[in-house]
Amino acid sequence: MLSNILFLSFLVLSCNATIQDFCVGDLKSPQGPAGFSCKKVADVTADDFAFSGLSKAGNTTNIIKGAVTPAFASQFPGVNGLGISSARLDLAPGGVIPMHTHPGANEVLIVTQGRIQAAFISSANAVYKKTLNKGDIMVFPQGLLHYQINAGGVPAVAFVMFSSSDPGLQILDFALFANDLPTILVAKSTFLDTAQIKKLKGVLGGTN
């Protein structure tokens, strides 16, 4: 009986010894699909698990009158490998986060100030749109196109959580018009007028 207890205790201790509690990202290492390499545990401090970058409003003096402040693994190494991250969204009156997608994560948005209209489009092209007030939450499934617009006359603020430490981002307007894809090819695939495409390329930094 005693030998069985000792054996079980040994197994528990052995299993606990192999558990890795966290993998704080070593930002000096290259980032791969699985994230950053782990920082040596001896070099990890409490500061690695705290982040104050979302306490200040982002700069909304830009073409979209909006700003996204990320707390991904690149900014917040404590979330590396945990399958979570967050960000702050600031929208000035008239501001918009254009149609975009996060190929690597689901998203949950909670409004903390103002009103935000948000929507996503399913793979069947169904639109799910809602105007959110302070305290309201909306979810955006992984990989689906979605947007957020300030729906009031005052600055709006929201915080978002992702199911990945690096959710990825592709903004539709930039994918179409901030590249060197020939205008004629963009026209054929979008049915837009070439003059309008060239104008958008000029605004967003595209060529050809």
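We count residues from 1, following the sequence as given.
Nearest heavy atom pair, residue L54 against residue R88, reads O-NH1, 3.1 Å. Summarising the geometry of S165 relative to P167, their closest heavy-atom pair is C-CD, 3.9 Å, with the distance given to 0.1 Å. In this structure, F72 and A87 approach most closely via the heavy-atom pair CE2-CB, 4.4 Å. The minimum heavy-atom distance linking L91 with N150 is given by the pair O-ND2, 3.0 Å. Summarising the geometry of A118 relative to L132, their closest heavy-atom pair is CB-CD1, 4.3 Å, with the distance given to 0.1 Å. Across every non-hydrogen atom of H100 and I171, the tightest pair is CB-CA, 3.8 Å.
Ring pair F120/Y128 is parallel by interplanar angle, where below 30° counts as parallel and above 60° as perpendicular. Ring geometry for F51 against F76 counts as parallel: the plane angle stays under 30°, on a 0 to 90° scale with 60° as the upper cut.
In this structure, the side chains of S74 and F36 come closer than 4.5 Å at one or more pairs of heavy atoms. K39 places none of its side-chain heavy atoms less than 4.5 Å from the side chain of N80. Side-chain contact between V186 and L192 is absent, with no heavy-atom pair separated by less than 4.5 Å.
D166 and S164 form no side-chain donor-acceptor contact under 3.5 Å, judged by distance and modelled atom types alone.
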